[in-house]
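Here is the structure we will look at, set down as structure tokens.
For the numbers below, each heavy atom of this structure counts, side chains included, while hydrogens, waters and symmetry mates do not. In this text, all values refer to a predicted model and were calculated from it rather than measured experimentally.
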Amino acid sequence: MSTPLARGAAAAERGSSEPVELEPCSPGHFEVRGPLTFATARRARELGMKLLDVGGGANALEIDCSQIAASDSAGLCVLLDWLTIAKRSHRTLRLSGLPDQLMALARITNVDKMLERGV
């Protein structure tokens with residue numbers, strides 16, 4: 001028997017046709033494009049892990065989030081995970097252009113300052 005949350009996540013995966021991408025803009029500066037949702041969270045996390053592992057050789061990284069097309073709580077978890085990975089890797093990470101929808105979720109869960117501050 002599946003839960004409503006599990007059914008919703010499965011439906012989101014089936015219905016997502018737009019992928020999430022993490023594109024380099026300049027050395028140490030990247031941009032997230034597309035939806036950052038339950039349907040894309042696994043891919044987004046993997047892309048972020050690769051970026052933070054390689055990082056273009058930069059210790060200070062910035063990810064522009066202004067091109068996130070849609071977001072939900074899974075997308076918020078991905079951003080928090082990226083910050084955690086960056087900190088463990090002894091890198092600084094700044095998230096810029098955070099969409100209002102993501103910031104509203106962050107405020108509800110009291111992590112808005114963490115997202116704005118970065119690591």
(Q) With side chain to side chain contact (heavy atoms under 4.5 Å, CB included) as the criterion, how do L79 and L98 come out once you've worked through the C-alpha distance, each side chain's angles and the decisive distance to 0.1 Å? (A) CA-CA 10 Å; L79 296 180; L98 291 160; 3.8 Å; yes
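- Partners of E21 under the side chain to side chain donor-acceptor pair (under 3.5 Å) rule, at least two apart in sequence or in another chain, are R43.
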Q.
Assess the residue pair M49 and I85 against the criterion (side chain to side chain contact (heavy atoms under 4.5 Å, CB included)); give the C-alpha distance rounded to whole Å, side-chain angles, the decisive distance to 0.1 Å, and a yes or no.
A. CA-CA 7 Å; M49 287 177 65; I85 294 165; 3.4 Å; yes
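- I63 has its side chain within reach of L22: a pair of non-hydrogen atoms, C-beta onward, lies under 4.5 Å apart.
- Here the closest heavy-atom approach between residue G118 and residue L83 is recorded as CA-CD2, 3.8 Å.
- Closest of all the heavy-atom pairs between Q101 and S71 is NE2-O, 2.9 Å.
- Atom CE of M114 has 12 or fewer neighbouring heavy atoms from other residues, nucleotides or ligands inside a 6.0 Å radius.
- The structure places CZ of R117 at 11.5 Å from CG of L95, a figure rounded to the nearest 0.5 Å.
- To the nearest 0.5 Å, the span separating NZ on K113 from CZ on R107 amounts to 8.5 Å.
- L115 pairs in a side chain to side chain contact (heavy atoms under 4.5 Å, CB included) with only one of the listed residues (L105, L76, L102), which is L76.
- Between the CH2 atom in W82 and the SG atom in C77 there is a gap of 12.5 Å [rounded to 0.5 Å].
- Atom-to-atom distance recorded for N59:CG and S89:OG is 10.0 Å, nearest 0.5 angstrom.
- Contact check on R45 versus D81 returns a salt bridge, with a Lys/Arg side-chain nitrogen under 4.0 Å from an Asp/Glu carboxylate oxygen.
- No donor-acceptor distance shorter than 3.5 angstrom exists from the side chain of T37 to the backbone of D72, with no hydrogens or angles considered.
- With hydrogens and angles disregarded, a donor-acceptor distance shorter than 3.5 Å links the side chain of R91 to the backbone of L52.
- In this structure, CG on D64 lies 9.0 Å from CZ on R94, to the nearest 0.5 angstrom.
- A distance of 12.5 Å separates CG in L93 from NZ in K87, rounded to the nearest 0.5 Å.
- With sequence neighbours excluded, the residues forming a side chain to side chain donor-acceptor pair (under 3.5 Å) with S96 are E62, listed by chain and number.
- Nearest approach of P35 to P19, heavy atoms of both residues: CD-O, 3.7 Å.
- Follow the hydrophobic side-chain contacts under 4.5 Å out from I108 and you never reach V111; the two are in separate clusters.
- The closest side-chain heavy-atom distance from V20 to I68 is not below 4.5 Å.
- The nearest pair of heavy atoms linking F30 to P24 is CD2-CA, 3.5 Å.
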